[in-house]
Undergrad: 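The structure follows.
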Amino acid sequence: MEEKIKQLKMLKNAVILAHYYAPKEVQAVADYVGDSFYLAKVAKQSCADVIVFCGVYFMGESAKILNPQKKVLMPDITADCPMAHMVKPGLIEKIRAKYDDVAVACYINSTARLKSQSDVCVTSSNAVKIVRSLPNKNIFFIPDRNLGRYVAEQVPEKNIILNDGYCPIHNFLTAEQLRNEIAEHPNAVVLSHPECEREVLELSDYIGSTAEIIDYAKLSPASEFIVCTEEGVVFKLGEDNPDKSFYFPKPHPCCKDMKLNTLQGIISVLEKEENSVEVSEEIRLKALKPLERMLELAK
Ligand code: 13P
Ligand code: SF4
């Protein structure tokens with residue numbers, strides 16, 4: 001299958017992008033593997049005709065918004081992020097009416113429609129920096145209440161208004177599960193994603209995006225780590241650090257939507273050029289502004 005994917009990529013001038021949560025065999029055939037911010041940057045810079053996005057739908061949408069002239073294909077078009085939809089209809093308008101000096105900061109894990117109603121996008125690796133740099137006093141942070149709360153703690157000079165969305169995978173990883181893992185590995189360094197709840201972050205030694213967690217583990221002199229994010233990161237962690245041990249709280253956090261990306265799916269979309277991500281031009285133009293503003297402010 002790997003050989004077939006190579007041939008099809010050449011034939012179609014295609015590039016494969018995969019998130020760290022995709023299955024390991026998919027990460028292994030991808031041209032670029034990374035966190036949400038890195039993949040958005042790569043999608044913008046790509047000169048391929050076809051982008052095969054092995055992630056979830058909002059990632060494919062962001063790639064399409066940044067590259068309207070390219071085909072963006074997903075191995076499984078039903079791979080979706082539940083959090084991407086978690087803003088009540090009409091709430092953004094209500095908040096805008098209530099506050100006169102407000103910016104809507106939209107986590108990239110959101111639908112194109114939500115982005116189109118926002119002032120700036122952020123990812124977990126640049127949210128603190130971008131929110132701090134905004135001229136507005138009030139920030140409506142959508143959709144993730146956990147990342148929003150983490151940003152509020154790092155940027156106390158802003159009034160951050162939280163929305164009630166969350167990632168089911170990170171949110172339901174409990175402090176008790178983490179304590180049990182710490183009891184089994186008392187010397188391990190705890191690395192957590194800011195999509196986790198406060199109680200989990202309070203037990204952590206380092207908080208960062210998936211790419212930041214991976215970088216931290218590589219540079220750290222420690223040899224044992226407990227990782228509070230989706231288990232797919234273990235592929236890169238193991239590749240970078242063959243002599244270090246990585247543990248996950250049990251049951252291991254697993255995003256079933258990310259696992260819908262398969263080698264067979266990649267072959268099938270490359271052959272048939274189906275599962276193409278489409279965004280209406282009206283929404284695309286509105287969603288492009290906050291995405292481009294993020295890429296600019298994060299520089
Ligand atoms: P990052 O890749 O930005 O860390 O985001 C994690 C995530 O949940 C992606 O769906
Ligand atoms: Fe969405 Fe969470 Fe899955 Fe990321 S891990 S795609 S935030 S459900």
Undergrad: Assess whether a salt bridge exists between Lys44 and Glu292, defined as any Lys/Arg side-chain N lying under 4.0 Å from an Asp/Glu carboxylate O.
TA: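 So Lys44 pairs with Glu292 through a salt bridge.
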
Undergrad: What residues, two or more places apart in sequence or in another chain, satisfy ring pair (Phe, Tyr, Trp, His ring centres under 6.0 Å) together with Phe37?
TA: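 None.
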
Undergrad: Under 6.0 Å between the ring centres of Phe172 and Tyr166?
TA: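 Ring-ring flag for Phe172/Tyr166: true, centres closer than 6.0 Å.
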
Undergrad: Distance check, rounded to the nearest 0.5 Å: Lys289 atom NZ versus Ile65 atom CD1?
TA: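 Lys289 NZ to Ile65 CD1: 13.0 Å, rounded to 0.5 Å.
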
Undergrad: Is the backbone N or O of Val190 less than 3.5 Å from a side-chain atom of Asp205, with the two atoms forming a donor-acceptor pair by type?
TA: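 Checking the backbone N and O of Val190 against the side chain of Asp205, a donor-acceptor pair under 3.5 Å is found.
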
Undergrad: Which residues pass the side-chain hydrogen bond (donor to acceptor under 3.5 Å, both in side chains) test with Asp164, not counting sequence neighbours?
TA: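 With neighbours one apart ignored, the set is Arg145.
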
Undergrad: Would you mind listing every salt bridge (charged side-chain N to carboxylate O under 4.0 Å, His left out) that reaches into residues 81-104, with sequence neighbours excluded?
TA: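 Counting only pairs at least two positions apart or across chains, the salt bridge (charged side-chain N to carboxylate O under 4.0 Å, His left out) contacts touching residues 81-104 are Arg96-Asp119.
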
Undergrad: Begin from the C-alpha positions of Ile226 and Phe246 and carry the test side chain to side chain contact (heavy atoms under 4.5 Å, CB included) through to its verdict.
TA: CA-CA 6 Å; Ile226 296 171; Phe246 297 95; over 6 Å; no

Undergrad: Would you find a donor on one side and an acceptor on the other, under 3.5 Å apart, between the side chain of Lys70 and the backbone of Ser46?
TA: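 Yes, because the side chain of Lys70 sits within donor-acceptor range (under 3.5 Å) of the backbone of Ser46.
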
Undergrad: Applying a strict under-4.5 Å side-chain criterion to I, L, V, M, F, W and Y, I'd like to know whether Val189 and Val233 cluster together.
TA: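 Same cluster.
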
Undergrad: Can you tell me if Asn241 uses its side chain to pair, donor with acceptor, with the backbone of Leu237 under 3.5 Å?
TA: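 Yes; at least one donor-acceptor contact below 3.5 Å.
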
Undergrad: State, to 0.1 Å, how close Gly148 and Ile160 come at their nearest heavy-atom pair, and which atoms those are.
TA: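 Shortest heavy-atom separation between Gly148 and Ile160 comes out as O-CG2, 4.0 Å.
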
Undergrad: Take a 6.0 Å sphere around CD of Glu274 and say whether it holds more than 12 heavy atoms from other residues, nucleotides or ligands.
TA: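 Enclosed: over 12 neighbouring heavy atoms sit under 6.0 Å from CD of Glu274.
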
Undergrad: Under 3.5 Å, side chain of Asn275 to main-chain N/O of Met74, donor-acceptor pair present?
TA: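 Yes, because the side chain of Asn275 sits within donor-acceptor range (under 3.5 Å) of the backbone of Met74.
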
Undergrad: For the pair Lys286 and Arg113, evaluate side chain to side chain contact (heavy atoms under 4.5 Å, CB included) and give the outcome as yes or no after the intermediate values.
TA: CA-CA 9 Å; Lys286 287 185 188 159; Arg113 184 165 288 280; over 6 Å; no

Undergrad: Which pairs, with at least one residue in residues 256-270 and sequence neighbours excluded, count as a salt bridge (charged side-chain N to carboxylate O under 4.0 Å, His left out)?
TA: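 Listed once each, the pairs are Glu230-Lys259.
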
Undergrad: Can you list everything that forms a side-chain hydrogen bond (donor to acceptor under 3.5 Å, both in side chains) with Asn163? Sequence neighbours excluded, please.
TA: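 Counting only residues at least two positions away or on another chain, Asn163 forms no side-chain hydrogen bond (donor to acceptor under 3.5 Å, both in side chains).
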
Undergrad: Under the side chain to side chain contact (heavy atoms under 4.5 Å, CB included) criterion, do Val277 and Tyr57 qualify, and how do the steps go?
TA: CA-CA 8 Å; Val277 177; Tyr57 197 73; 3.8 Å; yes

Undergrad: side-chain contact (heavy atoms from CB on, under 4.5 Å) with Glu157: which residues, sequence neighbours excluded?
TA: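 Once residues adjacent in sequence are excluded, the partners of Glu157 under the side-chain contact (heavy atoms from CB on, under 4.5 Å) criterion are Arg132, Val155.
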
Undergrad: Could you tell me the separation between the CG atom of Asn146 and the SG atom of Cys167, rounded to the nearest 0.5 Å?
TA: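 Rounded to the nearest 0.5 Å, the CG-SG separation comes to 8.5 Å.
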
Undergrad: Would you confirm whether Ser204, through its side chain, and Ile207, through its main-chain N or O, come within 3.5 Å as a donor-acceptor pair?
TA: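 Flag not set: sc Ser204 to bb Ile207 has no pair under 3.5 Å.
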
Undergrad: Fit a plane to each ring of His170 and His193, take the angle between them on a 0 to 90° scale, and name the class: parallel (under 30°), tilted (30 to 60°) or perpendicular (over 60°).
TA: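 Geometry flag for His193 against His170: tilted rings.
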
Undergrad: Flag the pair Glu2 and Lys6 as a salt bridge only when some basic side-chain nitrogen lies within less than 4.0 angstrom of an acidic carboxylate oxygen.
TA: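 A salt bridge is absent here (no side-chain N lies under 4.0 Å from a carboxylate O).
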
Undergrad: Calculate, to the nearest 0.5 Å, the distance between atoms OG1 and CG belonging to Thr174 and Asn171 respectively.
TA: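 CG of Asn171 is found 10.5 Å from OG1 of Thr174.
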
Undergrad: Using modelled atom types only, decide if a donor and an acceptor are shared between the side chain of Lys64 and the backbone of Lys71 within a distance under 3.5 Å.
TA: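 No; zero donor-acceptor contacts below 3.5 Å.
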
Undergrad: Using modelled atom types only, decide if a donor and an acceptor are shared between the side chain of Gln27 and the backbone of Phe235 within a distance under 3.5 Å.
TA: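 Not confirmed, Gln27 side chain does not pair with Phe235 backbone.
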
Undergrad: Is there a side-chain contact between Asp144 and Leu162, using heavy atoms and a 4.5 Å cut-off?
TA: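 No, every pair of side-chain atoms sits at 4.5 Å or beyond.
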
Undergrad: Salt bridge between Glu281 and Arg284, side-chain N to carboxylate O under 4.0 Å?
TA: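 Between Arg284 and Glu281 there is a salt bridge, with a charged N closer than 4.0 Å to a carboxylate O.
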
Undergrad: Any side-chain donor paired with an acceptor under 3.5 Å for Tyr107 and Glu195?
TA: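 Side-chain D/A pair, Tyr107 to Glu195: present.
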
Undergrad: Can you run down the salt bridge (charged side-chain N to carboxylate O under 4.0 Å, His left out) pairs that involve residues 178-187, sequence neighbours left out, and say none if there aren't any?
TA: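 Sorted result for residues 178-187: Glu181-Lys250, Glu184-Lys250.
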
Undergrad: Using a 4.5 Å cut-off on heavy atoms from C-beta on, say whether the side chain of Tyr32 contacts that of Val15.
TA: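 Val15 vs Tyr32: side chains touch.
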
Undergrad: Partners of Leu39 by side-chain contact (heavy atoms from CB on, under 4.5 Å), sequence neighbours excluded?
TA: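 Partners of Leu39 under the side-chain contact (heavy atoms from CB on, under 4.5 Å) test: Leu17, His19, Phe53.
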
Undergrad: What I'd like to find out is whether the side chain of Pro143 reaches to under 4.5 Å of the side chain of Asn109, using heavy atoms alone.
TA: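 In short, these two side chains do not touch, never coming nearer than 4.5 Å.
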
Undergrad: Would you mind writing out the side-chain donor-acceptor pairs for residues 261-269 within the sub-3.5 Å range, not counting sequence neighbours?
TA:
{"unit_1": "Asn261", "atom_1": "ND2", "unit_2": "Gly55", "atom_2": "O", "d": "3.1"}
{"unit_1": "Asn261", "atom_1": "ND2", "unit_2": "Met258", "atom_2": "O", "d": "2.9"}
{"unit_1": "Thr262", "atom_1": "OG1", "unit_2": "Gly265", "atom_2": "N", "d": "2.9"}

Undergrad: Listing request: all salt bridge (charged side-chain N to carboxylate O under 4.0 Å, His left out) pairs with a residue in residues 9-18, at least two apart in sequence or in separate chains.
TA: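 Residue pairs with at least one partner in residues 9-18: Lys9-Asp31, Lys12-Glu273.
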
Undergrad: Which is it for Val227 and Val234 under the side chain to side chain contact (heavy atoms under 4.5 Å, CB included) test, yes or no, and what are the steps along the way?
TA: CA-CA 9 Å; Val227 185; Val234 80; over 6 Å; no

Undergrad: Please check this pair: side chain of Ser110 against backbone of Cys106, looking for a donor-acceptor N/O pair closer than 3.5 Å.
TA: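 A pair under 3.5 Å: no.
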
Undergrad: Check Leu270 against Ala14 and note the closest heavy-atom contact, atom names and distance.
TA: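 For Leu270 and Ala14, the tightest heavy-atom pair comes out as CD2-CB, 3.6 Å.
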
Undergrad: Using atom types as modelled and distance alone, determine if a side-chain donor or acceptor of Lys244 lies under 3.5 Å from a backbone N or O of Ala217.
TA: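 Answer holds: yes.
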
Undergrad: For Ala222, does its backbone N or O pair with a side-chain atom of Ser220 as donor and acceptor, under 3.5 Å?
TA: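 It does hold such a pair.
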
Undergrad: Cluster partners of Tyr99, using ILVMFWY side-chain heavy atoms under 4.5 angstrom, listed by chain and number?
TA: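 Grouped by the 4.5 Å side-chain rule, Val87, Leu91, Ile92, Ile95, Val102, Val104, Leu114, Phe140, Ile142, Ile161 form the rest of the cluster around Tyr99.
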
Undergrad: Any non-hydrogen side-chain atom of Asn159 less than 4.5 Å from a side-chain atom of Ile139?
TA: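 No, side chains not in contact.
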
Undergrad: Taking only residues two or more places apart in sequence or in another chain, which ones pass side-chain contact (heavy atoms from CB on, under 4.5 Å) with Glu199?
TA: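 Testing Glu199 for side-chain contact (heavy atoms from CB on, under 4.5 Å), a comparison that skips the adjacent residues, returns Ala175, Glu197.
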
